[in-house]
Amino acid sequence: MKKLTILFISLIMSVCSTNAKKPKTVTLKFIETTDVHGMFFPTNYTTGKPVGGSMARVSSYVKSQRASYGDNVILLDNGDILQGQPTNYYWNYIDTQDENIAASVVNYMGYDAQAYGNHDIETGHNCYDKWNREVRCPVLAANMINTETGQPYTQPYKIIVREGVKIAILGMTTPAIPNWLSENLWSGIRFEEMVSCTRKWVKTIKEKENPDLIVGLFHSGLKGGIENDEYDENATLAVALRIHGLDVIFYGHDHLSNYGFVRQYEEKTDEYPFYFITKDGGPSSAVSLSKTDSVLIVNPGSNAYNVGDVTVTLTMENDKVVSKKINGQLVSMKSMPIDEDYMNHFADDIRRLQEYATKKIGTFESSINMSDAFFGSSAFIDFILNTQQKITNADIAFNGPLAMNTTIDAGPVTTADMFNLYKYENKLYVIKMTGAEIKNYLEMSYAQWTNQMKSSDDHILLLDDKPNERTNLFKNFYGNFDSASGIDYTVDVTKPEGQKVTILRMSNGQPFGADNWYRVAVNSYRGSGGGELLTKGAGIPKEELNSRILYRSELDQRHYLAEEIQKQGSVNPKPNNNWRFIPEDLVAPAIERDRELLFKKK
C-alpha cells in the first residue's frame, strides 16, 4: 500500500510538472514623441528650410522597430501636436471639413495612445473635440474633469495587452492651462492637481485592472514653472518621487530632453538628497538605487528631433511577472531616413500646404530681426505693438519676443512669414490698468530681462550659466520680456528690481499718471495671467483679470497682423524709439558684447 501511495504521489507531481508553464520572456518596446508642434514633414514651413527631425523620420524608426519587435512596439504621443506650424493652422482653422492632419498622421503611424497638451486645448473645443473623434487611439487625460459629470472629460487610461502582459497607460496634462488660456477654450473642464490625481488613479488601476506595468503619459515638465498652493505646472518629478506603482513616466511640455531613474520616497530626509537622477539606475553617490524603488522618466524634447525609447523585458512564470528589466534612451532622428511611403501617402496634403504657406500677403520695404528686441526698441516688436494699438485704439500695448533670432527679409511677405512674425494663435485683448500697475508690470519684465550692472564689464542681460532650449542663455524665459508702445520710458540697469523703469510721458505728449486708468492691449495669453506679469508684476488678483478685460478679438492676433499688411500693401517697419536702456555710457559696450555672445557666434 505504501508503494502504491508513493507511486500515486509521483504520478501527480509528474502531471503537475508537465502542466506547469515554462518561464517565458516578453520584451516590450515603447516609443514616445512629444511636443511635435506640427512638425509632420521634414520642412519647417515658417522658414521653408529642411529640418533634421519630423514625423517623416520618426515613421522610419517606428517601422524599423516593428520589424524587430512586431506588435510589442507601443507608440505614444505626449501632446502639443495641434499647434506650431502653418500645417496646423491650415487644418485647424481653414480646411476644417477634412480630417485634421494631426489625426491623419497619428492614424497612419498607428499610435496606441496620446495625451492632451496645453497647446492642443489652445485650439478651442471645435478643433480638439473634432480631432479627438478622428484619431483611432484614445487621447488620455485623467485630470481633465468634465464639470457637469465630475468624471474625466476624456478617457483617463488605456489597457494594452501584449503576450499576456497587461499594461496600463495613464494620461495627465499640466493643470496650469487656465493660467494661460481664456475660459471659452476649456469651458466645461476643470484641471486637477497632478500628484493627488495620479495617486488616486494608480490606486484605481491597481484595484480594478491589476496590471503588470503602469506607464505615465504626462504633458507636464520635470519641475518649476508656475508653482502655487493649488498646483505645480511641471509636476513630473513630484509624481515620480512620491507615487509608487509607476514603472515608467513619459513626459514633455518643457521641451527639455532628459531621461533617467528617479529614487522614490515620500519625504525628504537627512540621509538622502531631495532627489537625484541616474541614467542607468545603478549606484549613485547618495544611495544605491534598485528597480523596486525607482521609476524611469523620459522626455525626448520637441519637434520630433528625438524619440524616447524604452525597452521593458519581463520574465513570466505561470502567467505572473516575476521580474522586470527597464532601460531607456533618447534616439536622435537626425540621421534617420525620411520614410518615402509616408511622404507619398501625404503628397496631396503637402502640395496644398505648400500653396498656402507661399501665398503672398504684401511687401516689407526693410528687413526686421527679433534679436534687436533684446537691446532696445525694435522694428520687429514695435510693428506688432503699433498694430495692436491701431486695431484696438488702446492707449498702450505690451508684447515680448516669441523667438530668439527670427528674421523677416525685405521683399514679399508670405503666409509662412506671418508665423515668424507671430508664433502663437493668441487672441487680442484690451485690459484696464492704472498707471502704477503699468509701471509694476514693466518692472517685473525688465527685472527678469536685465542684470543689475555695476560696471561696463558686466552683462546687460540677465544670463545663466546653465542654458537650455527654453531660455537659451537667459536666466528666465525670454517670452516674458515685454516692452511697451504708447509711453516713453527709460530702463536704468544699474538699479535693483522695482526701481529700473521711469515712465516719462505718453508718446503723444500727454502726461502719464500713476493713478490714471488706461486701455492696454495685450495678447490673450498675457490677459489670462500667462507669465504672471499682470498678477505678480502689476499686482492684479488673478480672479479680477476677467472683469478688467474690455475687449476680446474674435480671431487670432496673427490674422489681424496679416490683414494690416494686406491693407497697406507695402510696409516699412521702423522702431518707435520710445524707450531705451540707461546709462548709455555703461550699456553701450555691454550691448555689443552680449549681442556678440547671443547671436553673432551662432
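One finds the NE2 atom of His219 at 9.0 Å from the CG atom of Asp254 (value rounded to the nearest 0.5 Å). Here the CD-CD1 distance, from Glu563 to Ile391, works out to 7.5 Å after rounding to the nearest 0.5 Å. Between the CE atom of Met444 and the CG atom of Leu534 there is a distance of 10.0 Å, given to the nearest 0.5 Å. Rounding to the nearest 0.5 angstrom, the gap separating the CG atom in Leu217 from the CZ atom in Phe250 is 8.0 Å. How far OH of Tyr422 is from OG1 of Thr387: 12.0 Å, rounded to the nearest 0.5 Å. To the nearest 0.5 angstrom, Ile177 atom CD1 is 10.0 Å from Tyr231 atom OH.
Closest heavy-atom contact between Ala521 and Leu428: CB-CD1, 4.5 Å. Minimum interatomic distance between Met418 and Ala562 (heavy atoms only, all atoms of both residues): CE-N, 3.3 Å. Residues Arg57 and Pro42 come closest through the heavy atom pair NH1-CB, 3.7 Å. Considering every non-hydrogen atom in both Pro300 and Val307, the closest pair reads CB-C, 3.5 Å. Nearest heavy-atom pair, Leu246 versus Val295, reported as atom, atom and distance to 0.1 Å: O-CG2, 3.5 Å. Minimum heavy-atom separation, Val195 to Ile243: O-CD1, 3.7 Å.
Shown here is Asn146, whose CG atom has more than 12 heavy atoms of other residues, nucleotides or ligands within 6.0 Å. More than 12 heavy atoms of other residues, nucleotides or ligands shown are found within 6.0 angstrom of CD on Gln566.
Taking 4.0 Å as the cut-off between side-chain N and carboxylate O, Lys542 and Glu544 do not count as a salt-bridged pair. With salt bridges taken as basic N to acidic carboxylate O contacts below 4.0 Å, one links Glu355 and Arg351. For Asp232 and Lys223, the salt-bridge test fails: no basic side-chain N is under 4.0 Å from an acidic carboxylate O. Using a 4.0 Å cut-off between charged nitrogen and carboxylate oxygen, Lys130 and Glu99 do not count as a salt-bridge pair. Ion pairing between Arg66 and Asp71 fails under the 4.0 Å rule for side-chain N and carboxylate O.
Residues satisfying the ring-ring contact (aromatic ring centres under 6.0 Å, His included) test with Phe346, not counting sequence neighbours, are Phe41, Tyr108, Tyr342. Under the rule for a ring-ring contact (aromatic ring centres under 6.0 Å, His included), Trp91 has no partner lying at least two apart in sequence or in another chain. Every residue two or more places apart in sequence or in another chain that forms a ring-ring contact (aromatic ring centres under 6.0 Å, His included) with Phe398 is listed here: Tyr441. Applying the ring-ring contact (aromatic ring centres under 6.0 Å, His included) rule to Tyr251 yields no partners; only residues at least two apart in sequence or on another chain are considered.
Separation of the Tyr89 and Phe419 ring centroids falls under the 6.0 Å cut-off.
By the 4.5 Å heavy-atom criterion applied to side chains, Gln448 and Phe477 are not counted as neighbours. The closest side-chain heavy-atom distance from Val73 to Phe30 is not below 4.5 Å.
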Verdict with supporting geometry, Thr311 and Lys29, side-chain hydrogen bond (donor to acceptor under 3.5 Å, both in side chains): CA-CA 5 Å; Thr311 304; Lys29 172 70 73 173; 2.9 Å; yes
Derivation and outcome, side-chain hydrogen bond (donor to acceptor under 3.5 Å, both in side chains), residues Asn132 and Tyr116: CA-CA 10 Å; Asn132 200 343; Tyr116 266 107; 2.8 Å; yes
Residue pair Ser528, Leu181: steps toward the side chain to side chain contact (heavy atoms under 4.5 Å, CB included) verdict: CA-CA 6 Å; Ser528 299; Leu181 304 179; 5.6 Å; no
Worked check of side-chain hydrogen bond (donor to acceptor under 3.5 Å, both in side chains) between Asn143 and Glu193: CA-CA 7 Å; Asn143 66 329; Glu193 182 270 329; over 6 Å; no
Audit row: Leu170, Thr198, side chain to side chain contact (heavy atoms under 4.5 Å, CB included) steps and yes/no: CA-CA 8 Å; Leu170 174 64; Thr198 303; 4.1 Å; yes
Working for side chain to side chain contact (heavy atoms under 4.5 Å, CB included), residues Phe191 and Trp186: CA-CA 10 Å; Phe191 300 87; Trp186 45 272; 4.0 Å; yes
Side chain to side chain contact (heavy atoms under 4.5 Å, CB included) evaluation trace for Thr358 with Thr415: CA-CA 6 Å; Thr358 57; Thr415 300; over 6 Å; no
Trace of the side-chain hydrogen bond (donor to acceptor under 3.5 Å, both in side chains) decision for Thr414 with Asp417: CA-CA 5 Å; Thr414 65; Asp417 288 321; 3.2 Å; yes
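Side-chain contact, Asn92 with Thr123: no donor N or O sits under 3.5 Å from an acceptor N or O. In summary, the side chains of Asp556 and Tyr424 do not present any donor paired with an acceptor at a separation below 3.5 Å, with no hydrogens or angles considered. Using a 3.5 Å distance cut-off with no hydrogens or angles, the side chains of Gln85 and His37 do not pair a donor with an acceptor. Side-chain contact annotation: Ser59 with Asp339, donor-acceptor N/O pair under 3.5 Å present. Looking at Asn78 and Asp35, their side chains never bring a donor and an acceptor atom within 3.5 Å of each other. Between the side chains of Tyr90 and Asp349, not a single donor N or O lies within less than 3.5 Å of an accepting N or O. In this model, no donor atom of one side chain and acceptor atom of the other lie less than 3.5 Å apart for Asn426 and Arg558. With hydrogens and angles left out, the side-chain atoms of His119 and Glu425 include no donor and acceptor closer than 3.5 Å.
His125 and Tyr128 have tilted rings, their planes meeting at an angle from 30° to 60° on a 0 to 90° scale. Using cut-offs of 30° and 60° for the angle between ring planes, the Tyr525 and Trp180 rings count as parallel.
Legend: salt bridge (Lys or Arg N to Asp or Glu O under 4.0 Å) pairs involving residues 159-179, not counting sequence neighbours, sorted by first then second residue: Asp112-Arg162, Lys166-Glu209. Listed by first and then second residue, the salt bridge (Lys or Arg N to Asp or Glu O under 4.0 Å) pairs involving residues 78-95 are Asp95-Arg352 (not counting sequence neighbours).
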